[in-house]
J.: 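Quick one: structure below, then a few questions.
Keep in mind that the numbers below use all heavy atoms, side chains included, and drop hydrogens, waters and symmetry copies. In this chain, residues are counted from 1 in sequence order.
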Amino acid sequence: MANTKLVVVGVAILVILLQVSTCAVARHHAKPDPCASEDDSVPGMLHKHKKPHCTSPGRSGGGGGGTPGVMTVNGFQKGQDGGGPSECDGKYHSNGDMIVALSTRWYAGGRRCGKMIRITSKHNGRTVQAKVVDECDSNHGCKTNIVDTSEAVWKALGLDSNLGEVPVTWSDA
């Protein structure tokens with residue numbers, strides 16, 4: 001009787017260990033769903049390309065109001081905090097231009113280069129359009145929800161860039 005209980009307990013422990021190790025392997029090899037929202041993605045896992053059947057963030061669809069993000073200010077001129085030249089064209093840009101760098105996922109491997117996006121301030125409801133010229137590299141410190149804009153975008157929205165970060169929504173124009 002005691003041997004039977006010992007065998008049952010041993011088998012139960014073995015089954016539990018197998019389940020735990022299987023879950024750990026699955027988590028280690030998991031790839032986030034490229035169609036998932038930011039909140040659904042696996043922390044630390046980033047995508048550069050979405051499957052063709054997915055609806056891309058920023059695509060305006062009936063009544064959605066756009067993709068929520070955080071707008072920050074960036075210097076796009078040589079020697080400023082933006083770093084090197086833009087990813088889209090290898091050039092520096094004037095901070096007086098209506099331009100933007102998007103987080104890696106939204107930058108979409110360069111597919112948004114040269115395209116206009118619509119940015120709406122959640123503070124005052126104002127909307128402007130800006131041209132995508134760069135990537136805010138989420139693999140090197142940029143958060144995954146950043147709309148990094150020139151000073152001109154802040155001014156056009158009637159916002160003080162000294163705020164540093166403001167909530168916005170954005171969509172493809």
J.: Under the rule for side-chain hydrogen bond (donor to acceptor under 3.5 Å, both in side chains), what residues qualify as partners of E151, not counting sequence neighbours?
T.: S161
J.: Check side-chain contact (heavy atoms from CB on, under 4.5 Å) between K115 and all other residues, then give those that pass, not counting sequence neighbours.
T.: none
J.: Quick check for you: to the nearest 0.5 Å, what is the distance between K131 atom NZ and S150 atom OG?
T.: 12.5 Å
J.: Considering residues at least two apart in sequence or located in another chain, which fulfil the side-chain contact (heavy atoms from CB on, under 4.5 Å) criterion with V128?
T.: M98, I119, V153, A156, L157
J.: Kindly write out the residues that satisfy side-chain contact (heavy atoms from CB on, under 4.5 Å) with D89, not counting sequence neighbours, or none if the list is empty.
T.: S86, K91, H93
J.: How is the hydrophobic cluster of V70 composed, in terms of its other members, when Ile, Leu, Val, Met, Phe, Trp and Tyr link through side-chain heavy atoms under 4.5 Å apart, directly or indirectly?
T.: I146
J.: Do the side chain of R126 and the main chain of T120 share a donor and acceptor less than 3.5 angstrom apart?
T.: no
J.: Would L159 and S121 count as a side chain to side chain contact (heavy atoms under 4.5 Å, CB included) here? Give the steps.
T.: CA-CA 9 Å; L159 299 171; S121 166; 3.9 Å; yes
J.: Is any side-chain heavy atom of R105 less than 4.5 Å from a side-chain heavy atom of S138?
T.: no
J.: Check whether any side-chain heavy atom of F76 lies under 4.5 Å from a side-chain heavy atom of V133, and answer yes or no.
T.: yes
J.: Side-chain contact test, heavy atoms from C-beta onward, threshold under 4.5 Å: evaluate it for E165 versus K143 and give yes or no.
T.: yes
J.: Suppose the criterion is disulfide (SG to SG under 2.5 Å): which pairs have a residue in residues 85-126, not counting sequence neighbours?
T.: C88-C113
J.: Measure the spacing between OG1 of T169 and CE of M71 and express it to the nearest 0.5 Å.
T.: 11.0 Å
J.: With side chains defined as the heavy atoms from C-beta onward, is the minimum distance between V132 and I117 less than 4.5 Å?
T.: yes
J.: Is the backbone N or O of N139 less than 3.5 Å from a side-chain atom of D137, with the two atoms forming a donor-acceptor pair by type?
T.: yes
J.: For the pair K78 and Y92, evaluate side chain to side chain contact (heavy atoms under 4.5 Å, CB included) and give the outcome as yes or no after the intermediate values.
T.: CA-CA 6 Å; K78 189 171 185 171; Y92 291 96; 3.7 Å; yes
J.: With sequence neighbours excluded, what pairs up with T72 under the side-chain hydrogen bond (donor to acceptor under 3.5 Å, both in side chains) test?
T.: D148
J.: Quick one: does any side-chain atom of E135 pair with a main-chain N or O of A101 as donor and acceptor, under 3.5 Å?
T.: no
J.: Taking only residues two or more places apart in sequence, or in another chain, which ones meet P167 in a side-chain contact (heavy atoms from CB on, under 4.5 Å)?
T.: K122, H123
J.: What residues, two or more places apart in sequence or in another chain, satisfy side-chain hydrogen bond (donor to acceptor under 3.5 Å, both in side chains) together with S103?
T.: none
J.: Give the other cluster members for M116, using side-chain heavy-atom distances under 4.5 Å between Ile, Leu, Val, Met, Phe, Trp and Tyr residues; answer none if it is isolated.
T.: none
J.: Got W106 and T144 here, is their nearest side-chain heavy-atom distance under 4.5 Å?
T.: no
J.: For a 4.5 angstrom cut-off between non-hydrogen side-chain atoms, does W170 reach R118?
T.: no
J.: Under the disulfide (SG to SG under 2.5 Å) rule, what pairs show up with a residue in residues 133-173, not counting sequence neighbours?
T.: C136-C142
J.: Among T149, D160, N162, which residue meets the side chain to side chain contact (heavy atoms under 4.5 Å, CB included) test with W154?
T.: T149
J.: Report yes if the side chains of Q80 and N95 come closer than 4.5 Å at any heavy-atom pair, otherwise no.
T.: yes
J.: How long is the span from the CG atom in N145 to the CG atom in L102, to the nearest 0.5 Å?
T.: 11.5 Å
